[in-house]
Amino acid sequence: MKREMNGVLFSLAALSLLLSVYCVGGTTRSYEFNVDPDAKVTRLCHTKSMVTVNGKFPGPRIVAREGDRLLIKVTNHVPNNITIHWHGIRQIRSGWADGPAYVTQCPIQNGPELREWFNTDTEAIIAQATQTGGGPNVSDAYTFNGLPGPLYNCSAKDTFKLKVKPGKTYLLRLINAALNDELFFSIANHSLTIVEADAIYVKPFDTETLVLAPGQTTNVLLKTISKFPGANFLMSARPYVTGQGTFDNSTVAGILEYESSIPMKSLPLYKPALPSLNDTSFVSKFSNKLRSLASAKFPANVPQKIDKHLFFTIGLGTSPCEKNKTCQGPNGTRFAASINNVSFVQPTTALLQSHYFDQSNGVYSPYFPINPLHWFNYTGTPPNNTFVSNGTKLMVLPFNTSVELVMQDTSILGVESHPLHLHGFNFFVVGQGFGNYNPNKDPKNFNLVDPIERNTVGVPSGGWVAIRFLADNPDPDAKCNTTMPHEEHGDGQREVSRHGIRQIRSGWADGPAYVTQCPIQTGQSYVYNYTVVGQRGTLFWHAHISWLRASLYGPLIILPKLNVPYPFTKPYKEVPIIFGEWFNTDTEAIIAQATQTGGGPNVSDAYTFNGLPGLYTFKLKVKPGKTYLLRLINAALNDELFFSIANHTLKVVEADAIYVKPFDTETLVLAPGQTTNVLLKTKSKFPGANFLMSARPYVTGQGTFDNSTVAGILEYESSIPMKNLPLFKPALPSLNDTSFMSKFSNRLRSLASAKFPANVPQKIDKHLFFTIGLGTSPCEKNKTCQGPNGTRFAASINNVSFVQPTTALLQSHYFDQSKGVYSPYFPINPLHWFNYTGTPPNNTFVSNGTKLMVLPFNTSVELVMQDTSILGVESHPLHLHGFNFFVVGQGFGNYNPNKDPKNFNLVDPIERNTVGVPSGGWVAIRFLADNPVCFIINLVWSMVHALPFGGSYKLGFEDGMASLGWKTSEPKALAPTG
């Protein structure tokens with residue numbers, strides 16, 4: 001009760017906060033991000049597919065004002081799970097929107113499909129079938145929850161396992177999402193009780209085996225054996241096949257395991273006995289056992305009086321092959337599915353849309369035949385003419401019409417079962433039989449009392465099925481025959497169908513492409529919802545899992561509140577410039593190889609400005625005598641970068657969305673994740689020249705790195721051809737110029753004014769000392785690793801290498817379920833003291849664990865981070881999620897706690913969200929733990945925005961991360977579930 005009351009109070013407080021924000025002009029800004037794997041991008045004379053947002057590389061720009069609320073719906077279309085991190089946004093009371101996978105949120109999954117496995121691209125398969133008119137290749141395996149199981153080659157590790165306890169009852173929600181095949185299902189030595197079909201309760205009955213058509217669902221109760229049986233049991237599924245074409249004649253298996261201390265491998269494994277592939281008798285008997293509850297609470301409202309009788313023949317025929325083309329259907333024709341001999345032609349305008357706007361003319365014909373145009377012996381000797389007609393024809397029914405529809409299989413190209421789904425409606429299966437339907441005799445045997453109510457049914461092979469329904473949902477009722485050769489093929493777009501949902505008066509949400517809606521790409525989505533509080537300036541967004549951030553990033557620009565000026569000269573124009581990297585090969589393959597081998601990943605092939613390397617040059621066109629605000633962002637995975645414009649001075653005015661005391665510089669440096677705003681004042685008159693803008697890495701480690709320079713061109717507007725002008729190049733510091741780095745960093749100071757104060761914590765509650773470095777972990781048994789002396793590289797903080805959990809840390813903390821997810825005992829000091837920047841120790845091994853540090857709310861923290869020489873000193877950029885911090889001191893050598901604090905700047909230190917730990921040195925930061933969210937220190941190559949240990953060893957592990965949590969008497973913010 002106390003927790004519920006706290007929740008109410010928190011909600012009221014949050015409401016008050018939002019009202020106060022909106023009263024001063026805050027608005028809600030909405031964006032949609034579609035994460036797409038198939039954008040073709042060409043760089044360095046090399047074209048490849050890469051993951052992008054909305055097909056853009058870099059991604060779209062986000063612009064908001066201080067106090068605005070952002071709603072960003074991210075829809076994931078790639079095979080990888082994904083999160084997006086809004087780099088530098090403090091996420092006040094919205095930490096779950098921050099993005100680190102399994103830390104503040106579970107990643108956004110791609111659209112899951114539990115069905116069949118094809119080794120080749122399914123779009124290529126259906127494209128070939130559509131082109132040739134033949135039958136498509138069949139699947140290579142069936143799957144349970146995406147896993148084929150131990151009966152397929154190389155798939156023992158990809159086996160679905162259901163772990164159960166003795167004497168318990170489990171509800172199994174079975175779904176057949178296979179493209180084409182009806183499937184038998186059974187669990188060895190166990191009986192199943194059927195309790196529901198297609199989301200409709202049924203009269204319960206027991207069975208050893210059940211069958212599901214594509215699109216059907218069935219809920220069953222599994223009552224486990226009362227005592228540990230001393231065995232494991234296969235769960236198996238294989239197809240029910242009636243046609244004469246090819247099919248996937250394989251069996252998928254999962255394992256039912258009883259909880260026990262006995263090793264599973266030592267137990268016998270029992271297999272179920274499934275019906276034969278063509279056991280139509282079993283299918284018929286099973287279907288007839290399905291009955292509605294037909295109770296007062298769950299009635300079966302079967303239409304008793306019928307307004308419209310329909311008779312549809314269903315079958316596979318042919319269409320003529322196009323002129324000068326070779327087709328692979330029977331006798332050189334094309335396969336064509338049809339209903340009443342009409343093969344559906346897919347329109348290019350959504351049918352529901354055209355109907356709603358009275359624009360159906362030319363889109364569809366409303367004259368679909370209610371009976372076959374040609375009567376014949378449907379299940380007897382097939383006719384000589386197998387050709388079908390073509391058209392986009394519908395049947396328009398008056399609202400609330402009661403309909404009886406009989407669907408008859410035909411033998412035109414051989415009898416076979418035809419699963420059918422009726423969009424927007426449930427129906428009652430009142431009768432079925434074999435042979436030709438007899439309208440005089442068969443209706444006398446219809447079940448009008450308790451027939452099964454479904455949304456998907458199979459037309460029996462060589463038989464018929466009768467259904468009744470009420471046309472009470474204003475929606476084109478699309479009848480879909482799901483046998484594969486019968487399908488039309490789209491252009492690679494996708495629609496989302498809420499299969500079985502009735503969509504009462506919302507048929508446009510039902511999903512059939514070009515029938516109820518125009519298609520959208522498939523996938524799942526997540527809405528990032530947060531308000532920008534107390535920040536203005538340049539930040540950026542990026543993917544935050546694996547190495548997808550190599551292409552998934554973009555600027556996030558926060559403007560001052562309306563009518564609030566900049567504390568510097570108003571610029572003529574603002575230009576964002578994002579530093580990035582280009583890889584000719586797939587970045588996911590690069591990091592996967594590094595993770596597998598334990599070695600360092602391959603480096604990038606080029607650096608980029610706004611996605612462009614030198615060959616495809618970024619050009620900044622300017623006018624003389626103007627002031628431009630350049631919003632510089634380092635979105636490179638790993639490297640700190642020098643930047644300069646030839647013959648031009650830059651005035652630094654902001655860093656990490658914090659105004660700074662302005663100063664002039666010829667060159668600046670940005671660590672990965674850092675942003676800097678500079679004013680560029682162009683020359684007063686046309687200079688008669690062009691000027692290179694260049695960036696190249698600052699390197700301290702001993703490993704390999706991308707030793708290249710990216711260049712853009714600063715062009716003054718002129719009528720003179722640019723090619724005729726001289727081109728001046730800037731002089732950048734040497735690659736390892738640590739002295740320049742240190743001097744530049746020390747020049748950055750906060751404004752520390754009355755309007756923009758530097759609220760540096762003066763009294764410290766918690767002193768932390770973290771050693772940062774690159775060590776090693778032992779190679780796994782019987783494996784070859786490519787780290788030093790056959791080990792694996794491993795980043796660590798205080799010698800603890802982070803192990804990524806499978807449950808989001810914030811989620812487990814919020815629900816008080818952290819046990820087994822993480823340990824709250826992260827060390828506040830290194831466990832073993834040594835000469836950190838001197839001779840490295842002999843033992844380079846690190847420990848492993850998911851360890852956090854829990855801090856009381858509003859704790860003032862001083863954190864000193866010390867570089868180490870375990871595998872060589874190097875610079876370590878660091879980002880603190882959810883917080884800004886003040887860089888109060890830095891130096892070289894070992895930190896001296898007695899002397900160095902005396903030189904701390906506690907008056908106007910730079911306030912940042914990302915800082916570099918100097919190579920062979922230390923940095924000290926101070927902050928207030930006033931944001932109840934697990935804040936994360938990223939010092940790793942792996943957290944996708946990849947704050948590395950320099951450019952030397954760009955690993956892909958999440959083993960260099962320290963997470964710090966909080967304790968507070970305030971109510972906890974709601975976190976999404978994983």
Side-chain angles (χ1 to χ4, degrees), residues 41-47 56-58 60-61 63 538 554-555 557 566 568-582 605-636 641-654 662-670 675-697 706-734:
V41 181
T42 300
R43 300 288 188 271
L44 306 181
C45 306
H46 183 87
T47 302
K56 296 181 178 180
F57 173 68
R61 182 187 311 180
V63 178
T538 302
I557 297 170
Y566 293 124
F568 47 79
T569 304
K570 183 179 179 180
Y572 168 73
K573 188 176 181 180
E574 300 181 10
V575 181
I577 302 177
I578 310 178
F579 307 164
E581 291 176 276
W582 172 264
D605 296 283
Y607 299 105
T608 61
F609 287 151
N610 288 358
L612 300 170
L615 186 61
Y616 304 85
T617 303
F618 169 70
K619 295 182 180 180
L620 176 58
K621 296 185 178 182
V622 297
K623 295 181 178 181
K626 300 292 184 181
T627 298
Y628 292 79
L629 179 66
L630 305 186
R631 298 180 178 269
L632 307 176
I633 302 166
N634 187 356
L641 294 169
F642 295 116
F643 174 79
S644 183
I645 302 177
N647 295 27
H648 287 75
T649 297
L650 303 172
K651 184 182 293 292
V652 178
V653 294
E654 182 194 295
F663 66 92
D664 293 335
T665 183
E666 305 294 324
T667 303
L668 62 150
V669 65
L670 291 90
T675 65
T676 303
N677 283 6
V678 298
L679 294 177
L680 166 67
K681 188 168 183 180
T682 58
K683 300 183 183 299
S684 58
K685 297 180 180 179
F686 175 65
N690 291 323
F691 307 91
L692 279 187
M693 303 178 288
S694 298
R696 73 175 180 189
D706 180 357
N707 186 15
S708 65
T709 300
V710 58
I713 298 178
L714 181 72
E715 287 185 357
Y716 281 75
E717 290 186 3
S718 170
S719 59
I720 300 174
M722 293 297 111
K723 293 181 180 180
N724 298 337
L725 298 176
L727 181 64
F728 292 96
K729 299 179 181 180
L732 290 168
S734 61

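Fair warning: this is a prediction, and the values are worked out from it, not measured in the lab. Scope of the values below: all heavy atoms of this structure, side chains included, with no hydrogens, waters or symmetry mates.
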- line: Distance col, row Asp605:CG vs Trp582:CH2, nearest 0.5 angstrom, shows 9.0 Å

- prompt: Hey, are Glu654 and Thr676 close enough side-chain-wise for a donor-acceptor pair under 3.5 Å?
  reply: no

task: State, yes or no, whether a side-chain contact exists between Val678 and Thr665 at a heavy-atom distance under 4.5 Å.
output: no

task: Would you list the pairs meeting salt bridge (Lys or Arg N to Asp or Glu O under 4.0 Å) in which at least one residue belongs to residues 679-689, sequence neighbours left out?
output: none

Mutual orientation of the aromatic rings belonging to Tyr572 and Tyr628 [parallel < 30°, tilted 30-60°, perpendicular > 60°]: perpendicular

query: Is any side-chain heavy atom of Thr667 closer than 4.5 Å to a side-chain heavy atom of Pro730?
result: no

message: Could you report the tightest heavy-atom contact between Ala711 and Thr617, atom names first, then the distance?
response: O-CG2, 3.7 Å

query: To the nearest 0.5 Å, how far apart are CG in Asn677 and OG1 in Thr538?
result: 3.5 Å

- prompt: Which atom pair, heavy atoms only, marks the closest approach of Thr649 to Glu666?
  reply: OG1-OE2, 3.0 Å

query: Is there side-chain contact between Thr627 and Leu680, with heavy atoms separated by less than 4.5 Å?
result: no

task: Considering non-hydrogen atoms only, spot the tightest contact between Leu650 and Ile645 and give its length.
output: CD2-CD1, 4.0 Å

query: Does the side chain of Phe686 come within less than 4.5 Å of Leu725's, by heavy atoms?
result: yes

- prompt: Do Thr675 and Asn634 have side-chain heavy atoms sitting under 4.5 Å apart?
  reply: no

- prompt: Any side-chain heavy atom of Leu630 within less than 4.5 Å of one from Leu620?
  reply: yes

- prompt: Taking atom NZ of Lys651 and atom CZ of Phe663, what is their separation to the nearest 0.5 Å?
  reply: 10.0 Å

- request: Let me see the working for Tyr607 and Arg696 under side-chain contact (heavy atoms from CB on, under 4.5 Å), right down to the final yes or no.
  value: CA-CA 8 Å; Tyr607 299 105; Arg696 73 175 180 189; 5.7 Å; no

- prompt: side-chain contact (heavy atoms from CB on, under 4.5 Å) with Lys621: which of Met722, Lys573, Glu715?
  reply: Glu715

- request: For Lys729, enumerate each residue passing the side chain to side chain donor-acceptor pair (under 3.5 Å) test, keeping only those at least two apart in sequence or located in another chain.
  value: none

Where Pro624 and Thr682 come nearest, the two heavy atoms and their spacing: C-OG1, 3.4 Å

field: Shortest non-hydrogen contact from Asp706 toward Ala606
entry: OD2-N, 3.4 Å

message: Do Val710 and Leu641 have side chains that approach each other closer than 4.5 Å (heavy atoms only, starting at C-beta)?
response: no

- line: Between the CZ atom in Phe618 and the CD1 atom in Ile577, the distance rounded to the nearest 0.5 Å is 4.5 Å

field: Donor-acceptor contact below 3.5 Å, side chain Arg631 vs main chain Ile578
entry: no

Rounded distance [0.5 Å steps], CZ in Phe579 versus OG1 in Thr608: 10.0 Å

query: Nearest heavy-atom pair of Ser644 and Leu732: which atoms, and what distance?
result: CB-CD2, 3.6 Å

